[in-house]
Amino acid sequence: MGDKMMEDAGFENRRSTRLWDVTALVNDEAGQGANVLEDSKVIAAEQSLAEAGEVLAAGGTVAFPTETVYGLGADARNTAAVEAIFAAKGRPSDNPLIVHIADMSQLDGLVTAVNETGRRLMEAFWPGPLTLVLPAAPGAVSPRVTAGLDTVAVRMPAHDIALRLIAAAGCPVAAPSANRSGRPSPTLAGHVGDDLAGRIDGIVDGGPTGVGVESTVVEAGDDGVVTVLRPGGITVEQLARHAEGGVRLDAALQNAGGDSEAKDMPAPRSPGMKYTHYAPRGALRVVSGSAPERVADRIQAELDAARARGEITGVLAFDEHLPFYRADCVLSLGSLTALETAAHRLYAALRRFDDSGVTFIMAESCPQEGLGAAVMNRLLKAAGQQVIYV
């Protein structure tokens with residue numbers, strides 16, 4: 001995982017970080033474990049997963065894959081364990097955490113009620129990239145998980161490794177993304193190591209994640225209205241099919257990374273509502289406009305000026321427009337007709353800019369329909385809401 005694993009060597013709780021390779025279990029699920037050698041790898045991976053579960057149960061911090069990104073898990077009931085998450089990430093203490101469960105029975109004692117709208121959403125999207133903010137049962141989780149709120153955010157991931165790990169731990173698992181706070185979220189175990197090796201107890205390597213952006217976070221109202229607090233892997237259009245009262249966007253989504261950091265803002269009701277996230281080390285700007293040629297001209301002009309200043313330049317664009325650009329590092333988000341590819345590639349691309357030493361990055365915007373809403377939410381927060389309109 002390279003020298004980056006040794007960043008921040010002064011961290012006072014530095015520890016040895018174990019790596020458990022369980023990719024054989026992912027391959028086995030795909031039906032590839034067909035010989036003695038592969039079978040032995042599966043057995044070893046099962047033992048590794050059991051060990052990781054024991055570490056979680058004992059109050060340790062373990063990173064693991066989900067269908068969205070890698071999460072950094074700890075026993076949601078154990079305040080010391082949860083505080084270790086905040087310490088490892090450098091995460092603001094008023095930012096609540098999502099609690100992951102492996103079985104519907106774990107909701108008992110965790111929340112006080114689930115209304116009919118919430119039940120419909122669970123039936124439609126669990127397991128999956130949907131988080132519901134629900135009334136928390138008193139004392140069910142550490143107050144550090146809820147950030148002092150009377151609600152708790154809960155989801156059931158659609159990833160066999162995650163589900164098996166949570167079951168092995170025997171507890172609800174609080175897990176934000178497994179990266180240093182503000183950095184791009186990790187979609188590979190190597191990304192986790194780059195940010196958190198020496199800060200956490202272990203990493204479960206289950207290969208690359210799927211969706212690539214975090215879960216959608218919603219509140220389900222008694223009136224049937226579903227309020228989106230954070231866009232993600234489940235789209236507004238998908239939610240609308242199960243929301244009798246319709247779907248609305250929380251007002252805080254209008255401040256994706258800009259004024260939302262003001263000190264007088266209320267405590268965020270969901271992860272990702274208040275602070276700038278996902279940022280690469282280089283300066284990032286987004287260019288938006290209805291005419292691709294005008295967008296491309298402005299981006300290239302900004303890149304040329306940056307190069308003249310001695311910057312190392314990068315551009316993040318869609319396949320349809322890649323020939324327009326000249327930069328030190330040109331990365332594709334895929335086609336505008338398949339925004340699920342952009343969701344999958346975004347965080348890895350931001351990290352590739354860092355690996356290439358890029359200091360100035362220009363990015364194209366995309367339509368905010370479907371998964372485009374989640375892509376733009378993350379991109380704008382990574383850019384600190386710095387947008388150029390042409």
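These figures come from a predicted structure and were not determined experimentally.
Lys89 places a side-chain N or O within 3.5 Å of a backbone atom of Ser177 that can act as its donor or acceptor partner. No donor-acceptor pair under 3.5 Å is formed between the side chain of His242 and the backbone N or O of Thr117. A donor-acceptor pair is defined here as one N or O able to donate and one able to accept, closer than 3.5 Å; such a pair exists between the side chain of Thr17 and the backbone of Gly198. No side-chain donor-acceptor contact under 3.5 Å links Thr146 to the backbone of Thr151. For the pair Thr61 (side chain) and Asp201 (backbone), a donor-acceptor distance under 3.5 Å is present. A side-chain donor-acceptor contact under 3.5 Å links Tyr70 to the backbone of Gly206. One N or O on the side chain of Arg180 and one on the backbone of Ala88 form a donor-acceptor pair closer than 3.5 Å. Distance alone, capped at 3.5 Å, places no donor-acceptor pair between the Ser356 side chain and the Val358 backbone. Judged purely by atom type and a 3.5 angstrom limit, Gln386 has no side-chain atom pairing as donor or acceptor with the backbone of Ala383.
Going from atom CG of Asn78 over to atom CZ of Arg144 covers 12.0 Å, rounded to the nearest 0.5 Å. A distance of 6.0 Å separates CG in Asp195 from CG in Asn179, rounded to the nearest 0.5 Å. Here Asp75 contributes atom CG and Leu56 contributes atom CG; the two are 8.0 Å apart, rounded to the nearest 0.5 Å. A distance of 11.5 Å separates CG in Leu380 from OH in Tyr278, rounded to the nearest 0.5 Å. Taken to the nearest 0.5 Å, the CG atom of Leu134 stands 11.5 Å off from the CG atom of Asp150. Distance check: Ile203 CD1 to Phe64 CZ gives 13.0 Å after rounding to the nearest 0.5 Å.
Follow the hydrophobic side-chain contacts under 4.5 Å out from Leu331 and you never reach Val287; the two are in separate clusters. In the hydrophobic cluster analysis, where Ile, Leu, Val, Met, Phe, Trp and Tyr join through side-chain heavy atoms closer than 4.5 angstrom, Leu371 is grouped apart from Phe125. Hydrophobic cluster membership differs between Val295 and Val375, with clusters built from Ile, Leu, Val, Met, Phe, Trp and Tyr side chains linked at under 4.5 angstrom. Note: the hydrophobic cluster containing Leu379 also contains Val387 (ILVMFWY, side chain heavy atoms under 4.5 Å, direct or indirect links). Side-chain heavy atoms closer than 4.5 Å link hydrophobic residues (I, L, V, M, F, W, Y) into clusters, and following such links, even through other members, never connects Tyr389 to Met362.
Put simply, the side chain of Thr187 does not reach to within 4.5 Å of the side chain of Pro208, judged on heavy atoms. Glu46 has its side chain within reach of Arg164: a pair of non-hydrogen atoms, C-beta onward, lies under 4.5 Å apart. For the pair Glu320 and Thr337, the minimum side-chain heavy-atom distance is below 4.5 Å. Leu97 places a side-chain heavy atom less than 4.5 Å from the side chain of Phe86. Between Thr216 and Pro129, every side-chain heavy-atom pair lies at or beyond the 4.5 Å cut-off. For the pair Leu25 and Val42, the minimum side-chain heavy-atom distance is below 4.5 Å. Two residues are said to be in side-chain contact when any heavy atoms from C-beta on lie closer than 4.5 Å; Trp126 and Leu132 meet this criterion. Within the 4.5 Å cutoff, no side-chain heavy atoms of Arg345 are placed close to those of Leu316.
For His191 and Tyr347, the distance between ring centers is not under 6.0 angstrom.
A pairwise comparison of heavy atoms in Pro176 and Ile85 identifies CG-CG2, 3.6 Å as the closest pair. For the residue pair Pro172 and Gln106, the shortest heavy atom distance occurs at N-NE2, 3.9 Å. For Arg77 against Cys171, the heavy-atom pair with the smallest separation is NH2-CB, 3.2 Å. Contact detail for Val213 and Ala374: the closest heavy-atom pair is CG2-CB, 4.1 Å. Residues Pro231 and Ala373 share a closest heavy-atom pair of CG-O, 3.9 Å. Between Ala279 and Ala382 the shortest heavy-atom distance is CB-O, 3.6 Å.
The residue from Thr68, Ile166, Ile101, Leu165 that alone fulfils the side chain to side chain contact (heavy atoms under 4.5 Å, CB included) condition with Pro157 is Ile166.
Remark: Glu302 engages Arg298 in a salt bridge, criterion side-chain N to carboxylate O under 4.0 Å. For the pair Arg183 and Asp354, the salt-bridge criterion is met [side-chain N within less than 4.0 Å of a carboxylate O]. The existence of a salt bridge linking Glu214 and Arg155 is excluded, since no basic side-chain nitrogen approaches an acidic carboxylate oxygen closer than 4.0 Å. Using a cut-off of 4.0 Å between Lys/Arg side-chain N and Asp/Glu carboxylate O, Asp328 and Arg307 are scored as salt-bridged.
No side-chain donor from either of Thr227 and Glu219 sits under 3.5 Å from a side-chain acceptor of the other. A side-chain N or O of Asp222 and one of Asn115 form a donor-acceptor pair less than 3.5 Å apart. Arg230 and Ser215 form a side-chain donor-acceptor contact under 3.5 Å, judged by distance and modelled atom types alone. In the model, Asp319 has a side-chain atom that pairs as donor or acceptor with a side-chain atom of Ser332 under 3.5 Å.
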Query raised in the report: Taking it one step at a time, do Ile200 and Val62 satisfy side-chain contact (heavy atoms from CB on, under 4.5 Å)?
Result: CA-CA 7 Å; Ile200 62 177; Val62 174; over 6 Å; no
Query raised in the report: Are Leu339 and Phe318 close enough, and set up right, to give a side-chain contact (heavy atoms from CB on, under 4.5 Å), and what steps lead you there?
Result: CA-CA 10 Å; Leu339 292 179; Phe318 291 90; 3.8 Å; yes
Query raised in the report: Passes side-chain contact (heavy atoms from CB on, under 4.5 Å), Leu336 versus Glu364? Steps please.
Result: CA-CA 11 Å; Leu336 278 166; Glu364 293 184 339; 5.6 Å; no
Requested in this report: In sequence, state the C-alpha distance, the side-chain angles, and the governing distance for Arg378 and Leu350, and then conclude on side-chain contact (heavy atoms from CB on, under 4.5 Å).
Outcome: CA-CA 11 Å; Arg378 304 316 193 269; Leu350 295 178; over 6 Å; no
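With sequence neighbours left out, the ring-ring contact (aromatic ring centres under 6.0 Å, His included) criterion links Phe360 to no other residue. Looking at residues two or more places apart in sequence or on another chain, you find a salt bridge (Lys or Arg N to Asp or Glu O under 4.0 Å) between Glu244 and Arg120.
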